[in-house]
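A short write-up of the structure that comes next.
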Amino acid sequence: MREPDAREPDVGEPDVRELREIDEFRDVEHLYGGIWPAVPGQGLPVTVELMRALTYAGNYVAGAYRDGRMVGATVAFLGAPIGETLHSHVTGALAGSGAGFALKTHQREWALARGLRRITWTYDPLIRRNAHFNVTKLGARPVAYLPDFYGDMVDTVNSGDESDRLLVSWELNDPRVRAAVRREWTPPPPPPNGRPALTTRAGRPAPTGTNAETVLIAVPPDIESLRRTDPTMSRAWRTALRDTLGVFLDHGATVLSFDRDEGYVVSRSRRD
């Protein structure tokens, strides 16, 4: 999933509806072009033609509107296991629109109405605000670390970095997800016995090699700015997160939550 600005101000819920018309798909294409400006010779995340085909085949495209203006949109398609999963490929929202949460709750209702059990999507695990939105606010559970998942992404947001992604699963009837969509779920604070596995020293990633059962994995305050101002440091953070969070997940660890100050809170134990 391409990530929107996931900051969600309290500005009231926008109107969200499923999209089916060519002109609506053109609005989505225009919106995405503003969020992820392409470089010459490169295309947009999705095209009008692809959205038309997806909806004709029974998949999901929706837009969020405020005062009649599109401020967010999401595109998803049915995935495996068949009859159980919707995969959300791309969601984009204008900064300050408050559309991200409304789009996800609409997407959940659409999936439930069709007997689906979960929605999956990916996001860049280094983007702090999106980790908070996906894991803390929505209650989604990270299930896999996917190195360089999309290969080179040539746009003004992602260029110059490998496209590592964290795959999350949103189990639609999980009690914590039900509470999250009611805005009633608050994750517990990091446990007192948690120990840093990746911290920051003078802005640099610093692995610690702890053997603690519960570990804390830091992320930089603003990786997108770091890509522009210090690409070498940005790549160092990418490698460090891959070598900590990625390795833990590969060995069956569980992400318990995301804390704005401490980062990912991870248990080495598998919790099904």
Side-chain angles (χ1 to χ4, degrees), residues 1-4 6 13 15-22 24-25 28 32 45-64 72-93 99-125 130-131 133-147 149-151 163-185 249-250 252-256 270-272:
M1 183 182 90
R2 302 231 183 178
E3 298 81 13
E13 295 291 333
D15 296 324
V16 179
R17 68 171 186 263
E18 207 172 340
L19 306 180
R20 296 183 176 85
E21 303 299 328
I22 294 294
E24 295 172 328
F25 301 148
V28 175
Y32 285 173
V46 291
T47 63
V48 169
E49 295 82 3
L50 179 59
M51 286 182 277
R52 174 63 169 163
L54 287 172
T55 56
Y56 185 79
N59 295 285
Y60 175 84
V61 179
T74 183
V75 177
F77 46 81
L78 299 169
I82 300 301
E84 296 185 12
T85 304
L86 181 72
H87 184 73
S88 185
H89 172 57
V90 54
T91 299
F101 191 85
L103 286 166
K104 296 310 291 185
T105 55
H106 184 275
Q107 195 178 70
R108 176 178 179 269
E109 291 166 2
W110 187 95
L112 286 171
R114 287 155 180 79
L116 304 179
R117 296 174 53 188
R118 71 183 60 82
I119 300 173
T120 59
W121 65 88
T122 66
Y123 75 93
D124 186 338
N130 286 335
F133 179 73
N134 291 318
V135 180
T136 303
K137 192 163 186 177
L138 294 177
R141 296 181 182 272
V143 294
Y145 190 98
L146 308 173
F149 183 61
Y150 292 111
S163 58
D164 288 21
R165 293 295 181 263
L166 200 58
L167 176 69
V168 298
S169 180
W170 208 32
E171 299 294 329
L172 303 182
N173 284 311
D174 186 321
R176 93 177 194 177
V177 173
R178 289 180 175 180
V181 297
R182 296 193 303 267
R183 301 181 186 269
E184 296 174 356
W185 183 68
L249 287 174
D250 284 348
T254 301
V255 176
L256 303 176
R270 182 183 298 277
R271 298 188 183 182
D272 297 322

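Judged as a side-chain contact (heavy atoms from CB on, under 4.5 Å), and not counting sequence neighbours, the contacts of L50 are V46, T47, L54. With sequence neighbours excluded, no residue satisfies side chain to side chain donor-acceptor pair (under 3.5 Å) with E21. Checked against side-chain contact (heavy atoms from CB on, under 4.5 Å), A53 has no partners two or more places apart in sequence or in another chain. Considering only residues two or more places apart in sequence or on other chains, T136 meets the side chain to side chain donor-acceptor pair (under 3.5 Å) condition with none of them. Applying the side chain to side chain donor-acceptor pair (under 3.5 Å) criterion to N59, with sequence neighbours excluded, gives no partner residue. Checked against ring-ring contact (aromatic ring centres under 6.0 Å, His included), F77 has the following partners two or more places apart in sequence or in another chain: H87. Under the ring-ring contact (aromatic ring centres under 6.0 Å, His included) criterion, W185 pairs with no residue at all, not counting sequence neighbours. Looking at residues two or more places apart in sequence or on another chain, you find a side chain to side chain donor-acceptor pair (under 3.5 Å) between R178 and N173. Shown here are the ring-ring contact (aromatic ring centres under 6.0 Å, His included) partners of Y32, two or more places apart in sequence or in another chain: W36.
We find the NZ-CG distance between K104 and N134 to be 7.5 Å, quoted to the nearest 0.5 Å. Taking CG from L172 and CG from L112, the interatomic distance works out to 5.0 Å, rounded to the nearest 0.5 Å. Annotation: the span from D174 atom CG to R141 atom CZ amounts to 5.0 Å, rounded to 0.5 Å. Expressed to the nearest 0.5 Å, how far CG of L86 lies from OG1 of T120 amounts to 7.5 Å.
Contact record, I119 with S88: CG2-CB, 4.1 Å, taken as the closest heavy-atom pair. Heavy-atom minimum distance, G92 versus L103: O-CD1, 4.3 Å. The two atoms that bring L249 and A144 nearest to each other are CD1-C, 4.1 Å, heavy atoms only. For the pair E13 and A102, the tightest heavy-atom approach, listed with the atom from each and the gap, is OE1-CB, 3.0 Å.
In this structure, R114 is not positioned above the aromatic face of Y60 in the sense of NZ or CZ being under 6.0 Å from the six-membered ring centre and within 45° of the axis.
Judged as a salt bridge (Lys or Arg N to Asp or Glu O under 4.0 Å), the pairs with a partner in residues 80-92 (not counting sequence neighbours) are, in order, E84-R117, E84-R118. Within the structure, the salt bridge (Lys or Arg N to Asp or Glu O under 4.0 Å) test picks out no pair touching residues 51-60 (sequence neighbours left out). The salt bridge (Lys or Arg N to Asp or Glu O under 4.0 Å) contacts involving residues 74-83 comprise nothing, where partners must be two or more places apart or lie in separate chains.
Between W170 and W121, the ring planes lie perpendicular to each other; the angle is over 60°, past the 30° to 60° tilted range.
For the pair T122 (side chain) and L167 (backbone), a donor-acceptor distance under 3.5 Å is absent.
Side-chain polar atoms of Y145 and D250 form no donor-acceptor pair below 3.5 angstrom.
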> Taking it one step at a time, do T85 and L78 satisfy side chain to side chain contact (heavy atoms under 4.5 Å, CB included)?
Replying inline: CA-CA 6 Å; T85 304; L78 299 169; over 6 Å; no
>> For V177 and R108: C-alpha separation, side-chain torsions, deciding distance, then whether side chain to side chain contact (heavy atoms under 4.5 Å, CB included) applies.
In response: CA-CA 10 Å; V177 173; R108 176 178 179 269; 4.0 Å; yes
>> Go through it in stages, so that I can follow the logic: the residues are M51 and L19, the test is side chain to side chain contact (heavy atoms under 4.5 Å, CB included), and I'd like the CA-CA distance, side-chain angles, deciding distance and then a yes or no.
In response: CA-CA 9 Å; M51 286 182 277; L19 306 180; over 6 Å; no
>> Show, in sequence, the C-alpha distance, side-chain angles and deciding distance for N130 and D124, and conclude whether the side chain to side chain contact (heavy atoms under 4.5 Å, CB included) test is met.
In response: CA-CA 8 Å; N130 286 335; D124 186 338; over 6 Å; no
